Amino acid sequence: MMAVFVLIHGGGSTAWDWHLVSPLLEASGHGVVAVDLPIEDKNAGLEDYTRAVTDAVGDGEHTIVVGHSLGGFTAPLVCDELHSDGLVYLSAMIPMPGETFGDWWTNTGHDREAIPEEAYFNLVPEDLAQQATDRERDQQGAWMSGPWPGRHPDVPTLAILCRDDQFFPAPFMRRQVQQRLGIEPVEIPGGHYATLSHPDAVAAALNDFAQRTARERS
């Protein structure tokens, strides 16, 4: 296997979000691990999220951790714990050390009031959007009011910007990625849930990144 992709879902969601991307990655020779985080447990912290993922990965090698949306708070912690080969932010929140969930919105200049109602599932086929909605879970967590305990690991890092995203619009995401990671994002078609609307584009971007990290490793 070229890489083992560790796929982390966003807030209020499930590993099902990746069910169209996973087989495409596997068809390219990669392993895939996607796990439901314990988000409905108000007492579960980011360390519990991280443990749930690392336990699922086990002794897998050459991991690349991918965080979607709120999963951006968990993905770097998992990446550090697994000593991963790479880290990917997919339409994700990119926290800074010590920053709270609430501070992130203010510090990045994101206007939550301007988010349209249909922002989550724009461009997602209606049947898939309904299935995703049926699987929504109640995101809990006192951790969101506390400082983020992580850092950005010193590993190859990719940020994927979805051009049709109405939740984290392209100009906002481009600015966040440049300011917080100092890199240029890779841009693909799709809305906030490109994993459901454009899984082929998501998988292609991830596969390209895996090939690049493999070259750098060899």
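Keep in mind it's a predicted model, so treat the numbers as computed, not measured.
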Notebook entry, point to check: For G191, does its backbone N or O pair with a side-chain atom of D165 as donor and acceptor, under 3.5 Å?
Noted result: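 Here the side-chain-to-backbone pair does not exist.
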Notebook entry, point to check: Do any N or O atoms from the side chain of Q140 and from the backbone of K42 form a donor-acceptor pair under 3.5 angstrom?
Noted result: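 Pair absent, no side-chain N/O of Q140 close to backbone of K42.
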Take the angle between the ring planes of [X] and [Y] and call it parallel below 30°, perpendicular above 60°, tilted in between.
| X | Y | result |
| --- | --- | --- |
| H19 | W16 | parallel |
| H192 | H68 | tilted |
| W105 | F167 | perpendicular |

Check: Between V35, V66, T74, which is the residue that forms a side chain to side chain contact (heavy atoms under 4.5 Å, CB included) with I8?
Finding: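 Answer after filtering V35, V66, T74: T74.
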Item checked: Counterpart residues, salt bridge (charged side-chain N to carboxylate O under 4.0 Å, His left out), relative to D80 (two or more places apart) ->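 D80 satisfies salt bridge (charged side-chain N to carboxylate O under 4.0 Å, His left out) with R151 only.
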Checklist line | Non-hydrogen side-chain atoms of V4 and V33 separated by less than 4.5 Å | finding: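 Contact flag for V4/V33 side chains = yes.
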Item checked: Pairs flagged by salt bridge (Lys or Arg N to Asp or Glu O under 4.0 Å) wherever residues 123-138 is involved - sequence neighbours left out ->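 Passing the test, one end in residues 123-138: E40-R137.
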Check: Is the W104-F73 ring centre distance short of 6.0 angstrom?
Finding: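 Between F73 and W104, which both carry aromatic rings, the centre distance is not below 6.0 Å.
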Checklist line | R212/E216 salt bridge by N-O under 4.0 Å criterion | finding: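 Yes.
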Next item on the list: Indicate if L24 and I64 have the same hydrophobic cluster label, given that clusters are the connected sets of ILVMFWY residues with side-chain heavy-atom separations under 4.5 angstrom.
Entry: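 Per the 4.5 Å side-chain linkage, L24 and I64 are not co-clustered.
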